[in-house]
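To start, the structure under review is shown below, and the notes come after it.
The model shown is predicted, which means the values in this text are computed figures rather than measured ones.
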Amino acid sequence: MHDEFLCHVTAYGVCAGRRIGVPLGTYRAPTLALALWWLRDRANWIAERLDPQPDEPYFPPNSLIPVTATVPDVPGLLRAWSMDPYQQELVADELAAGRLVRIATYDETTEYELLAESVDALRMQRTNPALVVPVA
């Protein structure tokens with residue numbers, strides 16, 4: 001069992017023709033449960049910022065409008081992922097096995113990535129000798 005997990009959230013976009021990553025948060029989770037909680041929390045945090053509730057008192061009337069049906073529903077996908085018990089169990093199993101987990105979705109301008117990996121697995125990779133293949 002892997003006991004500690006490194007979690008990242010990043011948004012990627014294109015600026016001046018180059019792909020740029022903007023870190024949105026990092027968390028070193030001391031347990032698997034906290035890693036899953038943080039990933040779900042960040043998914044909902046992004047969704048709320050992309051798709052806030054229009055009836056909140058701090059928005060003037062008619063200041064928010066729906067996007068067209070052809071625009072990918074990133075907030076909806078992130079909310080659905082965070083509330084799907086099957087997906088959560090799948091992520092938990094992958095992390096517990098020491099594998100990197102990447103949850104990504106995108107719209108027309110930005111890719112949103114949630115990433116988590118076992119700190120133990122990272123340490124083990126550093127101690128394993130590199131695979132060297134001779135070139136003829």
So, for [X] and [Y], which heavy atoms are closest and what is the spacing to 0.1 Å?
X: Glu111; Y: Ala104; result: OE2-CB, 3.7 Å
X: Val91; Y: Trp81; result: CG2-CZ2, 4.0 Å
X: Phe5; Y: Ala35; result: CB-CB, 3.9 Å
X: Leu115; Y: Leu100; result: CD1-CD1, 3.7 Å
X: Leu95; Y: Ser118; result: O-CB, 4.4 Å
X: Leu32; Y: Ala92; result: CD2-O, 3.9 Å

As an exercise, state the distance from [atom1] of [X] to [atom2] of [Y], rounded to the nearest 0.5 Å.
X: Leu78; Y: Glu48; atom1: CG; atom2: CD; answer: 12.0 Å
X: His8; Y: Arg28; atom1: NE2; atom2: CZ; answer: 10.0 Å
X: Arg79; Y: Asn44; atom1: CZ; atom2: CG; answer: 7.0 Å
X: Trp38; Y: Thr31; atom1: CH2; atom2: OG1; answer: 14.0 Å
X: Tyr112; Y: Ile46; atom1: OH; atom2: CD1; answer: 7.5 Å
X: Glu113; Y: Tyr106; atom1: CD; atom2: OH; answer: 14.5 Å

field: Arg49 atom CZ: more than 12 heavy-atom contacts under 6.0 Å
entry: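 More than 12 heavy atoms, drawn from other residues, nucleotides or ligands, come within 6.0 Å of this atom.
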message: Count I, L, V, M, F, W, Y as connected when their side-chain heavy atoms are under 4.5 Å apart, and connections chain through other members. Are Leu36 and Leu77 then in the same cluster?
response: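 No, Leu36 does not connect to Leu77 through the hydrophobic network.
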- prompt: Would you say Tyr12 and Ile20 make side-chain contact, with heavy atoms under 4.5 Å?
  reply: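 No - every pair of side-chain heavy atoms lies 4.5 Å or more apart.
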query: Does the side chain of Leu24 come within less than 4.5 Å of Thr10's, by heavy atoms?
result: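 A side-chain contact is absent here, since even the closest heavy-atom pair is not under 4.5 Å.
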query: Given Cys7, which of Val101, Leu114, Leu39 fulfils the side-chain contact (heavy atoms from CB on, under 4.5 Å) condition?
result: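 When side-chain contact (heavy atoms from CB on, under 4.5 Å) is applied between Cys7 and each of Val101, Leu114, Leu39, only Leu39 qualifies.
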query: Between Val71 and Glu108, is a side-chain contact (heavy atoms from CB on, under 4.5 Å) present by the stated rule, with each step listed?
result: CA-CA 7 Å; Val71 174; Glu108 295 169 326; 4.1 Å; yes
